[in-house]
Every structure is written in C-alpha cells, then in structure tokens.
Amino acid sequence: MTQTSDIPQRRPLARIGHFVAARRKLVLDYFSAISGAGGRLVFSLAYFVALANTLSIAEFGMFATASAAGVMLSRILAFGFISALYRTATIRPNLIGTFTAGFLLLAIASLPLLAAASYVVYLIFFAGTVPLSVFAAVVFAEALLWRPVEVALIVNNGLGKFGRAAVLAIMATALRAVAAVLFMFAAQRSVGVWALYYIAANAVSLLIAFVFFYPRQRLRMRSELYLRRLADSVYVAGAEVLFYLQMEFDKLLVLSIGGPHLAGIYAIIMRLVDLTAIPIRTFSMMLVQRMMRAPELLSRFAVKSGIEGGVFLVSTLALLALGIVLHFFPNALGKNVAEAAPLVALAVCVPGLRNLVEYQAELLFARGQTAVRALNLGLLAGLKAMLLTYVLTAIPDTSDLVLSLNVVFLLLYLASMLLTYSAMRRPAKAI
C-alpha cells in the first residue's frame, strides 16, 4: 500500500518526467543540430590551424579579410530571397520547389549588382594590398559556391531535418579542412594558389549539397508570389549586408589602416573568437524557428535576461579556456598562431558581446521586423566604424589595441540592446 508520505517525493519526479517527455523532440532536435555544430567546430579548428600556419601572417590576413568581404557581399545574391525560402521551409514546406525557382531566377538577376558592389569594395579597402584576381576568386567562392550550400543547410533546418543539415555542415567544413591540409604540401603556397584550392573545396560542397541533401520538388515559377515577398527580401538582404559589415568591418579597417601583417594577427584572434559562436548560432537558429511560430516567446524579462546571460557566459568561458591553453602551450596551434597567442585572453569579453549582438539581430528577423532590423544594423555599422577608427589611430600598441576591443564591443552591445528591445515592444509582423 502506498504511503501518504511517498506522494510529495514522487510529484517532483513526475513533473520532471512530464517536462522531459513533452520536450523530447525539441531536445533530440537540439542535439542533432548541436552535433553538426560540434563537428564543424572540430574541422573548422583543423582548417584554421592548417591554413594559418601555411600562409604567411600577412597573406593569411589578406585572405581572411577578403573572405569576410565575400561573406558580406554574398548576401546580395538573389536580393535576399533566401529569407523567403527559409520561412517557406519552416511554415509551408510544400512550396519549396516554387520558391527555389524564384531564388534561382533572382540569383541570376542579382549578378550584375553583386559584381559592381564587389569591385567598389575592392577599390575602397583592398586596392594596393590584395591582388584583384585573388579578391575576385575568394568572392566567387563565398558568394556563388558557398552561399548556395548555406541555402541547402537553411532549407533542411527549416524543415526540421537537423540531422541532415548537421551531416552536410560537417562534410562541407571537412572538405575545407582537407583542402587546407593538401595545400600544406603544394609546390607553391601563396594566397593566390590557396584561392584555387578554396574554390575547389566549395565547388565540391555545392555539388554534394544539391545532389544528396536538397529536397526533391519540381521547380515551378510563380512570379506573383515572388513579387509579394521581394520587398521583405530586399530589406533582409540590406540588413544582412549591414550585419556582416558591422561584424567584419574591423578586419577591413585593420587591413586598410594597419596593413597586412597586423590584419593577419587580428584575423587569427578574431577567428578564434568566431569559433566560440558556432554552438551559439545553433541555439539562435532553433530559437528563431520557435519565435516564427510564437512571436511572444521572449515577452518575459526573466527569459530574455537568462538567455543573454547564458550566451555571454558560454562564449566567455570558451575563450578563457582557449586563452589558458595558449598561455601554457603557445605553439599548440602552430608557429604563426603562437605570435598572436599572448593576445587571445586580452579579448576575453569580445566573444560574448559579439555573439549577443548577432543573437539580438536574429530576434528581429524572427518577428518579421526586417526594415527595423536593417536600420538598426546600419546604425551599429556606423558606430562600429567610428569606434574602431578611433582605436586603430589612437592606440599604437597591439596589446592595448586588443584590450580596448572589450570596451568597443561593450558599447556596441549596449546600443544593440537599446535598439532591439525598443523595437520588440511593437507587435510582431505576420509572416
């Protein structure tokens, strides 16, 4: 016979069991997605170590900065119609074939604008430091080869096929790592030769993505659907360009003001910072999907502050752990990385603050507030440009420069928080 005294002890266990059972699919989806992030983290680190220690520091700075510009410019492809494709995969998956046809059509139409914007960026930031052929090759790889791979990843995540997306992400990152290792044994190891290896790795990834991972649906053209969503897509494209401009503008400024060698050291530090964002982006992606279906998910202050605190804590601990390893074993990631190793721990707050700015931008996308998001990112890009220009021209010592980045990113975070949560007081827009 059950004793009355046993009931209070079992109730908490029953509640926990019910909580876990009700969220079993969410937990499994998260672990499927995070497995992809974990695999990407491992291969991204291998890719970074191989490449950073094969190219000279100056040439690594050239490539990393050109790659950052290519990622930014790739958001022009299809005028941002990838956002409509993602929303369709998340909410109306039966229309994926129709919106894929629209993406292909708009991608072709956007090529002249992409080429013109790329040349303008080259003239402003890269002329005289990076050969035009290298810059063009890297932008081609990022915008026309890697960005469509991201489309396949985005569509699979939108469909809830996180396991397939994880496998594709791991394979694509592994191919880059293999290319970097093969490049180590090349007869010529210049940034121009690496650009060809980079194109080959991304081209193979693109082939695998669309042959084996993209949903099989007939392509159907429905121009009325595309026109209805084109304005929102253009807002998203503009916001994405501005987002990556404010995320990567530091690399462009360091190259143009400090030169290729300082750009290489800075790129090494920021690449290690970027690695901390890989698992955070997985969490943000899943949260965005939930907010598309339930825009008031973050209406409570406790939930918002708890998530932001978690993002900052995880990011900061990750960089601290890396900084401690490099302090005791500066050659752990190779001889070139060893030159930047003493500086890594000085940027202790940068990953958390940078990841929070990225996370807040995704919240407005999830709520359909794309025009406000674009405006906010434009303001943040301008603020970052002013702060970094001042820091780069006023602080000659590299250690002090890296330490000052904590203050720069704190100010950017505070501005982002004010802009984002002020906008979230308004009603979410229907998707």
Side-chain angles (χ1 to χ4, degrees), residues 36-71 130-131 134-135 137-142 145-146 149-150 167-208 248 251 255 260-279 318-319 321-323 325-326 328-344 351:
R40 285 183 68 184
L41 185 61
V42 171
F43 286 112
S44 292
L45 184 60
Y47 161 70
F48 163 72
V49 171
L51 186 60
N53 291 289
T54 303
L55 292 172
S56 68
I57 290 180
E59 286 194 312
F60 181 75
M62 291 181 196
F63 169 73
T65 310
S67 177
V71 170
V130 179
V134 171
F135 180 78
V138 173
V139 171
F140 171 77
E142 296 288 4
L145 298 177
W146 180 251
V149 174
E150 290 184 325
V167 171
L168 175 57
I170 292 170
M171 289 179 66
T173 311
L175 283 168
R176 288 185 175 188
V178 169
V181 171
L182 291 175
F183 175 62
M184 292 175 68
F185 301 98
Q188 295 183 19
R189 289 175 286 186
S190 65
V191 68
V193 174
W194 165 246
L196 299 178
Y197 278 79
Y198 194 61
I199 287 174
N202 287 333
V204 175
S205 297
L206 178 61
L207 183 65
I208 291 171
E248 308 292 355
K251 295 185 180 117
L255 178 67
H261 187 79
L262 180 59
I265 293 175
Y266 188 82
I268 288 171
I269 295 170
M270 295 310 293
R271 182 56 186 160
L272 294 173
V273 168
D274 284 341
L275 292 175
T276 69
I278 291 177
L319 190 75
L322 186 59
V325 170
L326 291 176
F328 291 104
F329 306 99
N331 293 309
L333 300 180
K335 62 181 188 305
N336 283 357
V337 179
E339 186 173 340
L343 305 173
V344 172

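What's counted below: heavy atoms across the whole structure, side chains too, no hydrogens, waters or symmetry copies.
Between the CD1 atom in Ile265 and the CD1 atom in Ile57 there is a gap of 5.5 Å [rounded to 0.5 Å]. Interatomic distance, Ile268 CD1 to Leu343 CG, rounded to the nearest 0.5 Å: 10.0 Å. Glu142 contributes atom CD, which lies 10.5 Å from atom CD1 of Ile199 (distance to the nearest 0.5 angstrom). A distance of 12.5 Å separates OH in Tyr266 from CG in Leu255, rounded to the nearest 0.5 Å.
The heavy-atom pair separating Phe60 from Ala52 by the smallest distance is CD1-CA, 3.8 Å. Of all the heavy atoms in Asp274 and Lys251, the pair that sits closest is OD2-NZ, 3.9 Å. What you find for Asn331 and Ala338 is that their closest heavy atoms are OD1-CB, 3.3 Å. Among all heavy-atom pairs drawn from Ala201 and Ala179, the shortest one is CB-CB, 3.8 Å.
Val134 is not listed as a side-chain neighbour of Met62, based on a closest heavy-atom distance of 4.5 Å or more. Side chains of Phe63 and Leu51 form a contact here, defined as non-hydrogen atoms less than 4.5 Å apart. The closest side-chain heavy-atom distance from Leu333 to Leu326 is below 4.5 Å. Val130 places none of its side-chain heavy atoms less than 4.5 Å from the side chain of Thr65. Side-chain contact between Ser44 and Arg271: present, with at least one pair of heavy atoms (C-beta onward) separated by less than 4.5 Å. In this structure, the side chains of Leu175 and Phe43 stay at 4.5 Å or more apart for every pair of heavy atoms. For the pair Leu272 and Phe48, the minimum side-chain heavy-atom distance is below 4.5 Å.
With hydrogens and angles disregarded, a donor-acceptor distance shorter than 3.5 Å links the side chain of Thr54 to the backbone of Ala50.
Of the options Phe185, Phe183, Tyr47, a ring pair (Phe, Tyr, Trp, His ring centres under 6.0 Å) to Tyr197 is made by Phe183 and by none of the others.
In this structure, Glu59 has no salt bridge (charged side-chain N to carboxylate O under 4.0 Å, His left out) partners at least two apart in sequence or on a different chain. In this structure Asn336 satisfies the side-chain hydrogen bond (donor to acceptor under 3.5 Å, both in side chains) test with no other residue, sequence neighbours excluded.
Pairs of residues two or more places apart, or lying in two chains, that qualify as side chain to side chain donor-acceptor pair (under 3.5 Å) and include a residue from residues 173-191 are Arg176-Tyr198, Arg176-Asn202.
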